[in-house]
Amino acid sequence: VCGFRLRRYRSDSTHRAYIILNLLMYRTMNIYRSIHDMKIRTTTSFATVLKPRPILQMVGMCGLFVAGMALMFMHQKDNASIERIRGSLQAILAPVVGALSAPADFMEEVGANVRNLTTAYAQNNALRSENTHLLEWQIIAKELQQENAELRGLLGVSASDTAQYITARIVSATHDPFGHTLIIEHNGDARIREGMPVIAAEGLVGRVLESTGETARVLLVTDRQSRVPVEQEATSARAILTGLNRAEDMMLAHTEHAEVFKVGDRIVTSKSMLFPIHFVVGEVTSADKESVHIRPYVDARKLRFVSIVVPNAGAQATTDTP
Amino acid sequence: MTPPRRIVSQNHYASPLALRLYPSVMLVLLVMLSLIHLPIPFVSVTNPAFAVMGVFYFTLWQPRYLPHAVVFACGLLYDAFQSTLFGTHALLLLGLRIGVARLRHNTGFIESIPQNWGYFMIIAVPYLVLEWAVASLQLHNATPNITLIQRDILTLALYPLCYFGLSAIIRKIQSI
């Protein structure tokens, strides 16, 4: 390696000495090579001349590490400026991510159309039957509406709107193993606050985590950090819904009566100031004494628009009218 | 029949600026790609870690075209949309960049796809484990879930495709 050639000597000790010398020289050459690669060159007078570029690179790299650690530390301490930086970055990137997701959305739409075409006949039949069923329900709903109005008239109770709904467009959806969040773009309504429910046609999507300008971050109910007070629709048995960072599976914690939860039961949110009405969340897929698993009705990966529920200031938590 | 053009050509006279900018721009795009829902079978469950693939590939190809500051900034962009602490992925990607640069110092650019893929696995597996460990510490949850495993497998499995795509673009730029 170093220009020395191993030769077979008669004496074993001489041979061993040559091997050691070769290894030493190899080691020295390696050290020399690494010094040379770092652009530190030795002169004949043994004075070292350091090139500024690698030193600057090293300083810059250390600076970046320190900056990263500082950012993490500040975020850990809930520094407001970090949230502002995050919010600004989200606001800047939202249109870019939106533009990038346009081709993906188009492809998805094309795929869905092709799927629909192939199943059009079966779908048509299913829709006809569903339509007949819904028409029956429409008659019942009208009767109930009339009856409700009459009873309200008798009791002297006036129906009031409990919440307003702000439509928002989904800009980005993170379905990462470490978190399930959405970035949504709304009309910049100043009433949007942290904790407000976000819903879709199928049910509850999540809650607003933070809102900056016209963008807001939504923590999905499927996120592991999400906690939503819920109850069983039929018996009103209460529990806390927690996500598992899986799109199609959630779990109930702190169940009052675990034995009342049966497979197929609908789970709705408990009424509170933030949840002025019962929003449907999902249905029980498995239930035993140890755990109750829920499948969410909403698949946030397929959504494009959501509604933010802004409870009215004077809304009563007990009213049922949306 | 002419052999395929090597992407490690030292003479990038044709489009030096495009080649210089390409890794940084593509890395930003890869980070953005991680944030959008891709309607691809299996991938729609969770997006693979495109940024990890990008940092590995470009650092191995031409580390000087992918400055540390760009990798750090891309990590911050990614962090803006994550639940982990702001700066986590910036530091992790920076660490990956340094690790891969060290590998390149010893091996140079590896054009053989199986070898390149093998080295990617050697580097990416500890990175993904470290990422999980850091995120678990921050989120107070140390259970690896099925989505995480799916994402990691997808990341490792889709690297050759990423390699083909990124190399094809380099060849295209070089041919301009």
Side-chain angles (χ1 to χ4, degrees), chain A residues 34 37 57 60-61 63-65 67-76 82-83 85-90 92-93 96-101 104-112 170-181 183 209 217 219 223-225 244-247 249 300-302, chain B residues 28-29 31-41 44-47 49 64 67-69 71-73 75-95 97-98 101 105 128 131-132 134-136 138-141 143-152:
Chain A
S34 52
D37 288 346
Q57 270 181 357
M61 215 157 63
L64 289 175
F65 264 105
M69 296 298 281
L71 284 171
M72 280 171 69
F73 181 75
M74 284 161 76
H75 195 196
Q76 177 76 27
I82 294 294
E83 289 306 328
I85 295 171
R86 276 180 83 144
S88 310
L89 275 176
Q90 283 165 11
I92 293 164
L93 292 177
V96 184
V97 174
L100 276 175
S101 59
D105 289 344
F106 175 73
M107 289 294 289
E108 195 166 14
E109 206 175 314
V110 169
I170 294 172
V171 173
S172 141
T174 307
H175 288 93
D176 214 63
F178 308 119
H180 283 196
T181 54
I183 303 292
L209 207 58
R217 195 149 160 256
L219 185 74
D223 188 285
R224 201 181 276 274
Q225 289 180 313
L244 296 169
N245 280 354
R246 289 180 216 157
D249 193 18
R301 295 169 299 182
K302 292 175 182 168
Chain B
V28 174
L29 282 175
V31 169
M32 298 284 152
L33 211 61
S34 310
L35 302 172
I36 60 174
H37 171 60
L38 298 171
I40 306 168
S44 63
V45 178
T46 175
N47 284 353
R64 63 202 164 106
H68 292 103
V71 176
F72 187 79
L76 286 184
L77 290 184
Y78 189 68
D79 278 325
F81 293 83
Q82 298 298 312
S83 308
T84 45
L85 291 179
F86 193 61
T88 306
H89 284 94
L91 283 182
L92 284 169
L93 286 179
L94 194 61
R97 161 75 175 75
I98 292 164
H105 181 77
L128 295 169
E131 187 192 25
W132 165 74
V134 171
S136 300
Q138 289 176 8
L139 304 173
H140 306 292
N141 160 52
T143 356
N145 58 33
I146 191 79
T147 325
L148 176 79
I149 296 162
Q150 277 175 327
R151 189 200 69 157
D152 293 353

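The shown structure was predicted, so the numbers you read here are calculated from the model rather than taken from an experiment. Below, all heavy atoms of this structure are taken into account, side chains as well, without hydrogens, waters or symmetry copies. Numbered from 1 within each chain, the chains take letters A, B, ... in sequence-line order.
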What part of [X] lies closer than 4.5 angstrom to a heavy atom of chain B: side chain, backbone, both or neither?
X: A/I183; answer: side chain
X: A/M69; answer: both
X: A/Q225; answer: side chain
X: A/A70; answer: neither
X: A/I92; answer: neither

Legend entry - Least distance between heavy atoms, B/L85 atom then B/Q138 atom: N-OE1, 2.9 Å
Legend entry - Most chain A-contacting option - heavy-atom pairs closer than 4.5 Å, from B/L33, B/I98, B/L29, B/D152: B/I98
Heavy-atom cut-off 4.5 Å, strictly under: side chain, backbone, both or neither for [X] against chain A?
X: B/F81; value: both
X: B/D79; value: backbone
X: B/L76; value: both

Inset, instruction - State, yes or no, whether a side-chain contact exists between A/F65 and B/L91 at a heavy-atom distance under 4.5 Å. - result: yes
Inset, instruction - Decide yes or no for B/V134 and B/T88: does some side-chain heavy atom of the first lie under 4.5 Å from some side-chain heavy atom of the second? - result: yes
Legend entry - Under 3.5 Å donor-acceptor, A/H75 side chain and B/F86 backbone: yes
Legend entry - Side chain A/R86, main chain B/Q82, donor-acceptor under 3.5 Å: yes
Inset, instruction - Sequence neighbours left out, what passes salt bridge (Lys or Arg N to Asp or Glu O under 4.0 Å) with A/E83? Give chain and number order. - result: none
Inset, instruction - Could you tell me which residues satisfy salt bridge (Lys or Arg N to Asp or Glu O under 4.0 Å) with B/R151, sequence neighbours excluded, listed by chain and number? - result: B/E131
